[in-house]
Amino acid sequence: MSNTSTWTVTGMTCGHCVASVTEELQEVDGVQDVAVTLETGEVVVTSAEPLTREAVEAAVTEAGYQLA
């Protein structure tokens, strides 16, 4: 069974931004899929286990953006 969580990331302006956020989130343990919508900043993460805000925030910060 998988868990889906939705987050909002601020500061993304282009496809490269989306790729960076996607890449960092895919590194988080248990993450199975990441879908980023540039226009809204919405990030939907599918994972094996529920993710903590801290884990998601650390990945987004590593990519150079902020979790709203």
Side-chain angles (χ1 to χ4, degrees):
M1 173 130 186
S2 59
N3 290 275
T4 302
S5 53
T6 303
W7 309 86
T8 301
V9 175
T10 59
M12 297 185 298
T13 58
C14 64
H16 177 74
C17 301
V18 169
S20 295
V21 169
T22 300
E23 187 177 312
E24 289 298 334
L25 283 169
Q26 285 174 334
E27 301 278 318
V28 176
D29 280 348
V31 170
Q32 298 163 331
D33 188 53
V34 178
V36 180
T37 305
L38 177 62
E39 295 75 20
T40 62
E42 182 180 85
V43 179
V44 179
V45 182
T46 304
S47 56
E49 299 293 327
L51 297 176
T52 64
R53 179 179 174 88
E54 290 77 19
V56 174
E57 194 162 27
V60 168
T61 301
E62 182 68 28
Y65 306 96
Q66 282 137 9
L67 199 59

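Here the side chains of T46 and N3 are not in contact, with every heavy-atom distance at 4.5 Å or above. Under the 4.5 Å side-chain criterion, counting only non-hydrogen atoms from C-beta, W7 is in contact with R53.
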Acceptor/donor pairs from residues 20-36 side chains to any protein atom, 3.5 angstrom cut, sequence neighbours excluded:
{"unit_1": "S20", "atom_1": "OG", "unit_2": "H16", "atom_2": "O", "d": "3.1"}
{"unit_1": "T22", "atom_1": "OG1", "unit_2": "V18", "atom_2": "O", "d": "2.8"}

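Scanning for side chain to side chain contact (heavy atoms under 4.5 Å, CB included) contacts around T52 gives E54, A55, with sequence neighbours left out.
V44 and Y65 fall into different hydrophobic clusters, defined by Ile, Leu, Val, Met, Phe, Trp and Tyr side-chain heavy atoms under 4.5 Å apart, directly or through other members.
One N or O on the side chain of S47 and one on the backbone of E49 form a donor-acceptor pair closer than 3.5 Å.
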Apply side-chain contact (heavy atoms from CB on, under 4.5 Å) to residues V9 and L67 and explain how you reach the verdict.
CA-CA 5 Å; V9 175; L67 199 59; 4.2 Å; yes
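Across all non-hydrogen atoms, the minimal contact from L38 to C14 is CD1-N, 3.6 Å. Heavy atoms only, all atoms of each residue included: G41 and M12 are closest at CA-CE, 3.8 Å.
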